[in-house]
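Input: a single structure, listed below in structure tokens.
All values reported here derive from a predicted model rather than from experimental measurement. For reference, positions follow the sequence shown, starting with 1.
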Amino acid sequence: MIDPLLAPTLELPQVQARLRPWSFADAPALVEYANDQRVAQNLRDTFPYPYTMQDAEFYLSLMADQQRDLHLAIEADGKAVGSVGVHFKTDVRRRSAEVGYWLGQPYWGRGIITAALQLVSDYVFAHFDVCRLYAVVFETNPASARVLEKAGYELEAVMRKSVVKDGRTLNSLLYAKIKEE
């Protein structure tokens with residue numbers, strides 16, 4: 001579905017950042033910003049902590065080979081400081097996609113994730129046969145819920161006791177953005 005060689009570079013001038021394809025040269029920056037418990041505590045368990053160079057190299061190899069989903073590095077100050085991804089669904093959910101994102105802690109509070117999410121959402125709606133984008137956040141992450149709301153996503157559901165993170169069973173919040181046709 002996505003040719004990695006044709007993955008877009010999208011400018012975010014309002015926050016002095018851009019979205020671009022991942023590169024193997026991003027491994028050191030990926031380790032620097034992903035190896036943070038404050039980042040990992042709000043992501044699925046498949047995002048490791050501690051985050052090692054081996055983890056970065058494995059992830060970047062996956063990004064080089066995958067062609068179905070869209071995974072972009074968030075670049076600020078000339079280095080990859082986070083990520084935004086779009087996971088396209090199949091079968092009866094083929095017009096839906098799940099968005100996910102993270103950002104290194106030194107870049108929090110600058111509006112980068114909100115701008116990135118708005119831009120990626122617009123890009124996906126314009127270039128793919130998708131009418132619904134959604135994200136699921138842990139109830140313990142109100143900052144991410146605010147990001148989604150600022151990016152035009154609406155709370156659809158509180159999924160009670162739907163995730164386990166760090167040994168705690170938590171509610172999660174389902175947000176969605178719909179393309180009006």
- Taking atom types as modelled, find out whether D26 and S23 have a side-chain donor-acceptor pair closer than 3.5 angstrom. no
CD1 of I178 to SG of C131, rounded to nearest 0.5 Å, is 6.5 Å
Taken to the nearest 0.5 Å, the spacing of D166 CG from F138 CZ works out to 8.5 Å
**Prompt:** So, the side chain of E11 versus the backbone of Q16: is there a donor-acceptor pair under 3.5 Å, distance only?
**Reply:** no
Taken in chain and number order and not counting sequence neighbours, the residues that satisfy side chain to side chain donor-acceptor pair (under 3.5 Å) with Q41 are none
Kindly say whether W108 contributes a backbone atom to a donor-acceptor pair with the side chain of Q105 at under 3.5 angstrom?
no
Review point. Less than 6.0 Å separating the ring centroids of Y107 and Y33?
Key: yes
> Any donor-acceptor pair under 3.5 Å linking the side chain of R168 with the backbone of V163?
Replying inline: no
Judged by atom type as modelled, is there a donor-acceptor pair below 3.5 Å linking the side chain of K161 to the main-chain atoms of T169?
no
(request) Measure from the side-chain N and O atoms of N42 to the backbone N and O of N141, and report whether any donor-acceptor pair falls under 3.5 Å. (result) no
Worksheet entry | Check: F88 main-chain N/O paired with R68 side-chain donor or acceptor under 3.5 Å | yes
- Task: Flag the pair Y175 / Y134 as yes when their ring centroid distance falls below 6.0 Å, and as no otherwise.
- Result: no
Rounded to the nearest 0.5 angstrom, the CZ-CG distance for R146 and L148 is 11.5 Å
Using modelled atom types and a 3.5 Å cut-off, is there a donor and acceptor pairing between side-chain atoms of K177 and backbone atoms of A151?
yes
Are R93 and E98 within salt-bridge range, i.e. N to O under 4.0 Å?
no
**Report entry** NZ/NE/NH1/NH2 to OD/OE distance under 4.0 Å, R38 and D36
**Finding:** yes
